[in-house]
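Only one structure is covered here, and it is reproduced in the block below.
Order of listing sets the numbers, starting from 1, for every ligand and every atom in it. As a basis for the values below, the full set of heavy atoms in this structure was taken, side chains included, without hydrogen atoms, waters or symmetry mates.
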Amino acid sequence: MEKNSRSDIKGSQHHLGEKQALQDSGGQPNGSPLIENNSMDFIATKVKEINLSHDSGITSPSGDVAAEKSRKLKTETLSETISKNEEASSKSFEEIAVDAGEVCLAPADQYWSVTRDKAVKLRMDESGKGAEPPLTIHQMFQWTVDNFGNHPALCSKEKGTWVSITYKQYQQKCRAAAKSFLKLGLERFHGVGILGFNSPEWFIANIGCIMAGGLGTGIYTTNSPEACHYVAYNCEANVLVVENDKQLAKILQIKDQLPHLKAIVQYKGEVKNKMPDLYTWSEFMKLGEEVSDAQLDEVINSQKANECCTLIYTSGTTGNPKGVMLSHDNITWITSAAGSVFNLNNGEDCLLSYLPLSHVAAQVNDMWTALKFAATTYFAQPDALKGSLLTTLREVRPTSFLGVPRVWEKIQEGMKDIGAKSSFLKKRIASWAKEIGLQASYNAMNNNPLVPWGFTLADTLVFKRVRASLGLDRCKHCFTGAAPITKDTLDYFLSLNIPIYELYGMSESTAPHTVSWTGNFRVTSCGKVIPGCKTKLYKPDADATGEVCLWGRHIFMGYLNMPDKTSEALDSEGWLHSGDLGKHDENNFLYITGRIKELIITAGGENIPPVPIEEAVKEEIPIISNAMLVGDKRKFLSMLLTVKCQVDDNGDPTDELTAMAKQFCRQHGVMASKVSEITGNKQIYKVIQDGMDKVNAKAVSNAQKIQKWMLLSHDFSITGGELGPTMKLKRPVVAKMYKNEIDNFYEA
Ligand SMILES: Nc1ncnc2c1ncn2[C@@H]1O[C@H](COP(=O)(O)OP(=O)(O)OP(=O)(O)O)[C@@H](O)[C@H]1O
């Protein structure tokens, strides 16, 4: 049914297959079951709504709120202006900042910098969004506290109960952390590395570090000790904040090679082996009690909006991670600019934090946008991506939800598995509703007011229940970003009347550059440029496809200590060259069509983007979880393949096939339940070869045909290092790991 409905839709005016053919294969790890199957049966079971209202079930936070005096930062003149201004509640902080004539910038004469303490020139416009006065993180925070001080800011689960802190308490805790960092000797523009799963402590450590004049630096929890060392050394970390003894163990292995390190703080669990300069969270938070407010305010007030406050290390899909230097203005401006597109209202939203905060997308969404718009951030459980995400989603019922493509794919897989087990009648109802849903969604996308017949019934019987069962019934914005998503997944959710809005951006653009939103989206497009930002397509070809170049106040300062890489990324005029290929449609929607850095250039000189071929293989042979095309400087193309298998509690792929993969084998007469049972299995190999033949039959040239392939015994994963944190394929890593296998393809 789905295929039929999609092909119906394909007849519409949009080139819907366009991007699907160009997807990155990186989004196919064999992650652990994200979705608990028994909770996904949206048709079969009456969906049990967990009526957790925004604040219900949340115990009062500890600490005497009334006794707290709202701290006045040296943005005092601004805050005073706010309180004096009769219209304070209706005026934005930016407007009031203009009134007060207070703009804090350090002298700078160029758009880029590669040294931690050097300010940059801002890409200010003369009018509009790009002309808004620059703000520091602290000014933005103070405005939120002044206006929404008693609003819940952070909610986390403690012993099974949600506990929240208000914006006032949040700021107070950040200030306490900042004082402790100062006490520990955090030097100006030196890093505080944070290595752990999302939690209030992560946010407080990060903002506390910035208040104290340091550079907030996330480190991926999946990093090896060596990879942690790379980041901690590069940012000259004075303090490392780790989640638990597992992360601590990694740091203990490398701490002697970190000349700037002064202390380690562990924020969860017991500190088993006491040692000097190792603190628990509660010890740490008390360390700075003697540091006066005036001392801290002096540090805060000396900071300028065009100076660095955060380092985002790239995930390394194309080489060693680079330290992307972000200024206060990068962060405060983009959160304001993107938030206005989505019409976010202060104090109205709540979201769930579960994607790695070291990645720019999660950090900007969960921490900075929430802070700017006084939203409430709920923290998921550390095993979110191993199964608990859905349960938490249903408790929190966020009003905005960001998933990387793989998250949406896992939800889709879970729902399909359940659907496959439903009775005949339920399957029929689902098919009927999905056909209507897809048509209705495409009509809405194309501004066609026609509502298909039966929509209201389908909405009541299916769509509303699905939304509730996923915890998305209050969700106004379901987002995807950070990597390409397939049209198949987008259509699947559209058929359930859940539009997923695509965002595009990079660490180097402080996350979003183009966005999609209600009434403004096109399937397979990543949306329109944010007001105040500009896109240029560099060296467009005959098809008007060129390299996507970005401009705006969100463009990063430079890569820390990497002048060459910085000048490769930023041209002499200050445009950021993304390395992505893209084109616009007649309505200025941007379509990403490939990555220049991933192009395969064969020995015969043909340029081949690998993603469309990899996606075609995965679609044709559904048992395949990952496919990597090789053939750079070789005579022909070959492909490494992995099959869908289950993962263990650590996220490591196991030998056990997924339910879907077992079913696939059975359909082809093979009673296998393990990966090892099908590697070398003639029947399965024939099925794969048949699929390859079909893909090759559609190849645009002989050079684009896959001549040889190999089924690997082990799936790719984040923990294995083959996939980055947003599940993108790390091609150089895989090429190195399977060098012998690849060489074998080309031996005569
Ligand atoms: N909506 C999207 N569609 C397609 N690709 C996207 C989308 N959003 C982001 N990307 C890809 O992600 C890239 C930015 O990702 P990020 O800044 O996390 O660095 P990375 O590419 O993962 O790591 P590295 O720079 O180390 O290679 C973009 O350049 C683009 O290739």
Side-chain angles (χ1 to χ4, degrees), residues 18-27 218 220 223 227 230-231 311-324 326 330 355-365 402-408 479-487 489-490 500-516 521-530 535 547-550 554-556 559 562 565-566 568-569 576-583 589-599 609-612 615 718 721-733:
E18 195 168 344
K19 185 172 167 193
Q20 184 190 6
L22 294 159
Q23 301 299 326
D24 188 338
S25 68
Y220 288 107
N223 274 10
Y230 181 91
V231 174
L311 292 172
I312 300 280
Y313 279 83
T314 59
S315 36
T317 51
T318 53
N320 260 342
K322 295 169 287 230
V324 172
L326 297 182
N330 284 150
L355 291 170
L357 288 166
S358 350
H359 194 272
V360 73
Q363 197 175 118
V364 168
N365 185 64
L402 169 69
V404 293
R406 191 57 187 146
V407 167
W408 291 110
F479 292 121
T480 178
I485 187 165
T486 62
K487 179 174 174 291
T489 300
L490 294 169
I500 302 176
Y501 301 122
E502 198 166 344
L503 316 169
Y504 162 79
M506 320 170 63
S507 312
E508 293 84 345
S509 66
T510 323
H513 177 73
T514 63
V515 291
S516 315
F521 71 102
R522 293 287 183 272
V523 169
T524 73
S525 160
C526 45
K528 289 186 175 178
V529 71
I530 293 174
T535 308
E547 184 185 5
V548 180
C549 296
L550 293 62
H554 58 328
I555 303 303
F556 77 131
Y559 298 117
M562 291 183 170
K565 296 276 176 207
T566 303
E568 273 170 33
L576 168 65
H577 288 242
S578 66
D580 295 315
L581 289 169
K583 63 192 268 187
F589 281 98
L590 179 70
Y591 295 76
I592 298 297
T593 58
R595 281 184 122 190
I596 296 170
K597 37 200 170 188
E598 284 181 344
L599 277 183
V611 178
E615 283 307 321
I718 300 180
E722 300 95 335
L723 303 174
T726 52
M727 314 289 190
K728 273 187 282 196
L729 195 53
K730 291 186 169 180
R731 291 175 193 273
V733 174

Proximity of A483 to ligand 1 by residue part, where a heavy atom lies under 4.0 Å
backbone
If you draw the axis of the six-membered ring of Y313, does the NZ or CZ of K322 fall within 45° of it and under 6.0 Å from the ring centre?
no
Tell me whether K728 contacts the main-chain N or O of P484 through its side chain, where contact means a donor paired with an acceptor under 3.5 Å.
no
Any N or O of K597 closer than 3.5 Å to N or O of ligand 1:
no
Cut-off 3.5 Å, side chains only: do N223 and Y230 have a donor facing an acceptor?
no
Any heavy-atom pair between the side chains of L576 and C549 that's under 4.5 Å?
no
Under a 4.5 Å cut-off applied to non-hydrogen side-chain atoms, are E615 and K487 in contact?
no
Below 4.5 Å, heavy atoms only, C-beta onward: do Q363 and I312 meet side chain to side chain?
yes
Looking at ligand 1, does any of its N/O atoms fall within less than 3.5 Å of an N/O of Y504?
no
With respect to A482, determine whether any N or O atom, backbone or side chain, lies less than 3.5 Å from an N or O atom of ligand 1.
yes
Would you mind listing which atoms of ligand 1 come within a distance below 4.0 Å of any non-hydrogen atom of P484?
3 (N), 4 (C), 5 (N)
Should the proximity of L503 to ligand 1, defined as any heavy atom under 4.0 Å, be assigned to the side chain, the backbone, both, or neither?
backbone
Give the single entry among H359, M506, K322 that approaches atom 18 (O) of ligand 1 most closely by any heavy atom.
H359
Near E502, which atoms of ligand 1 are under 4.0 Å from a heavy atom of that residue?
1 (N), 2 (C), 3 (N)
Using the six-membered ring of Y591, assess whether NZ or CZ of K583 lies under 6.0 Å from its centre and within 45 degrees of the ring axis.
no
Below a 4.0 angstrom heavy-atom separation, can you tell me which part of A361, side chain or backbone, both or neither, approaches ligand 1?
neither
If we number the atoms of ligand 1 from 1 as shown, the ones under 4.0 Å from a heavy atom of T314 are 24 (P), 25 (O), 26 (O)
